[in-house]
Amino acid sequence: MRSGLTTTARVYLAIVFVILYAPIFYLIFYSFNSGGSMATFEGFTLEHYQAVFDDNRLLVILINTVIVALLSALIATIIGTLGAIGIVSLRNDKLRNTVLSLNNILIVSPDVVIGASFLILFTMIGVKLGFTSVVISHIAFSIPIVVLMVLPKILEMNTNLIDAALDLGANRRDVLTRVIIPYIKPGILAGFFMAITYSLDDFAVTFFVTGNGFSTLSVEIYSMARAGISLTVNAISGLVFIVTVGIVVMYYFITMRSKKTEGSTQ
C-alpha cells in the first residue's frame with residue numbers, strides 16, 4: 001500500500017514538474033534555432049545569444065538589473081533581519097500578530113496595486129522615476145520576504161543562549177552580533193537569495209516605477225515581445241533562467257557548507 005502511494009506521489013510530482021518546466025525548456029530550445037521563428041527548428045546556432053552580447057544597450061540593462069537586485073536584496077536583508085528580531089522581541093502578543101499580519105498583507109497584495117501605489121507616492125514627493133525609484137520599490141517588496149525567511153530561525157532559537165550571554169557580561173550589541181546573527185545566518189542567507197530572485201523576476205512593480213533612460217530585463221523583454229516575436233527574447237530569457245538556477249545552486253552549496261560547519265563545531 002505504501003509503495004503504491006509512493007509511486008503515485010512520484011508520478012504526480014513528475015507531471016507537475018513537466019507542466020512547470022516544459023514551456024521554459026521549449027523557449028530555451030528555440031533560442032538555438034537558426035530560423036527566425038518558433039514554427040520549425042531549422043538548425044543549431046548561437047547567433048541569437050551573440051546578438052544579445054553585441055547589443056550594448058542590452059548589456060547596460062543587464063548590468064542595471066544585477067545592480068538593482070544585489071543592492072535592494074542587501075538593504076532589504078538588513079532591514080528585514082532587524083525587523084524580524086524586533087517582531088519577536090515584542091511582548092504584546094496582539095501587537096506582534098498585528099505586525100505579522102501587516103507584513104503578510106504586503107506579500108499577498110497584487111503587484112499591480114503595489115506598483116501603482118509607489119508610482120503615486122513617488123509622484124507626490126517628487127522622486128524622479130528611474131534607478132532610485134526602482135531600488136526603493138524592490139527593497140520595499142523584498143523586506144516582508146526576508147522577514148518570513150528569518151522569523152522561523154529566530155523562533156527556533158533557545159532564549160537561554162541570550163540569557164547566558166548577558167550573564168557572562170555581553171552587552172546588547174554583542175548578543176546581536178555574536179549570538180543571534182550567527183544562529184539565524186541560514187535564514188538571513190535564504191532571505192537574501194530570495195530577495196535577489198524576486199528582484200530579478202519582478203515586472204509589474206518595476207513597470208510602474210521605471211522611467212525614461214532606465215530599464216530592467218523584465219521590462220525590456222516585455223517591450224521586445226510586444227514589438228514582435230524574436231528569438232533574441234528567447235536568448236535573453238534563457239540567460240535569465242540560467243542566472244536564476246545559478247543563484248539557487250549557490251544558495252544550496254552555501255547552506256550545505258554552513259550545516260557541515262555547524263556539525264563539526266558541535
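These numbers come from a predicted model, not from an experiment.
Partner of Ile184 under the side-chain contact (heavy atoms from CB on, under 4.5 Å) criterion, chosen from Ile154, Leu189, Leu155: Ile154.
Pairing each heavy atom of Lys153 with each of Met149, the nearest pair is CG-O, 4.4 Å. In this structure, Gly86 and Ser89 approach most closely via the heavy-atom pair O-OG, 2.7 Å. Annotation for Ser215 and Ile61: closest pair O-CG2, 3.8 Å, computed over non-hydrogen atoms. Taking all atoms of both residues into account, the shortest heavy-atom contact from Leu231 to Asn33 is CD1-O, 3.6 Å. Of all the heavy atoms in Gly187 and Val150, the pair that sits closest is O-CG2, 3.7 Å. The shortest heavy-atom contact between Ser237 and Ile221 is OG-CD1, 4.1 Å.
No donor-acceptor distance shorter than 3.5 angstrom exists from the side chain of Thr45 to the backbone of Ser34, with no hydrogens or angles considered.
Sorted by first and then second residue, the side chain to side chain donor-acceptor pair (under 3.5 Å) pairs with a member in residues 55-68 read Arg57-Glu220; sequence neighbours excluded. Screening residues 83-109 for salt bridge (Lys or Arg N to Asp or Glu O under 4.0 Å), with sequence neighbours left out, gives Asp93-Arg96. Screening residues 65-88 for salt bridge (Lys or Arg N to Asp or Glu O under 4.0 Å), with sequence neighbours left out, gives no hits. Residue pairs meeting the salt bridge (Lys or Arg N to Asp or Glu O under 4.0 Å) criterion with at least one member in residues 33-53, sequence neighbours excluded, do not occur.
Taking CG of Leu71 as the start and CD1 of Ile196 as the end, the distance is 11.0 Å to the nearest 0.5 Å. Atom OG1 of Thr216 sits about 14.0 Å away from atom CD1 of Ile63, to the nearest 0.5 Å.
Residues passing the ring pair (Phe, Tyr, Trp, His ring centres under 6.0 Å) test with Tyr198, sequence neighbours excluded: none. For Met157, the side chain to side chain contact (heavy atoms under 4.5 Å, CB included) partners at least two apart in sequence or on another chain are Leu161, Ile162, Val179, Ile180, Tyr183. Take Ile242 and apply the side chain to side chain contact (heavy atoms under 4.5 Å, CB included) test, not counting sequence neighbours, and it matches no residue. Under the side chain to side chain contact (heavy atoms under 4.5 Å, CB included) criterion, Val16 pairs with Tyr12, Leu20, not counting sequence neighbours. Applying the side chain to side chain contact (heavy atoms under 4.5 Å, CB included) rule to Tyr49 yields the partners Ile28, Ser31, Phe32, Leu46, Ala235, Leu239; only residues at least two apart in sequence or on another chain are considered.
The local environment of OH in Tyr252 is sparse, with at most 12 non-hydrogen atoms from other residues, nucleotides or ligands closer than 6.0 Å. The environment of Phe17 atom CZ is sparse: at most 12 non-hydrogen atoms of other residues, nucleotides or ligands sit within 6.0 angstrom. Counted within 6.0 Å of CZ on Phe41, heavy atoms from surrounding residues, nucleotides or ligands total more than 12; the atom is thus considered enclosed.
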Which atom pairs, one a donor and one an acceptor, fall under 3.5 Å between side chains of residues 73-84 and the rest of the protein, sequence neighbours left out?
unit_1 : atom_1 : unit_2 : atom_2 : d
Thr77  : OG1    : Ala73  : O      : 2.5
Thr81  : OG1    : Thr77  : O      : 2.6

Could you list the donor-acceptor pairs under 3.5 angstrom formed by side chains in residues 131-145, with sequence neighbours left out?
unit_1 : atom_1 : unit_2 : atom_2 : d
Ser133 : OG     : Gly130 : N      : 2.8
Ser133 : OG     : Gly130 : O      : 2.9
Ser133 : OG     : Val209 : O      : 2.6
Ser137 : OG     : Ser133 : O      : 2.8
His138 : ND1    : Ser199 : OG     : 2.7
His138 : NE2    : Thr206 : OG1    : 2.8
Ser142 : OG     : His138 : O      : 2.7

Residues 115-128, side-chain donor-acceptor partners within the protein, below 3.5 Å, at least two apart:
unit_1 : atom_1 : unit_2 : atom_2 : d
Ser117 : OG     : Val113 : O      : 2.7
Thr123 : OG1    : Leu119 : O      : 2.7

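Taking the side chain as every heavy atom from C-beta outward, Leu148 and Asn104 approach each other to under 4.5 Å.
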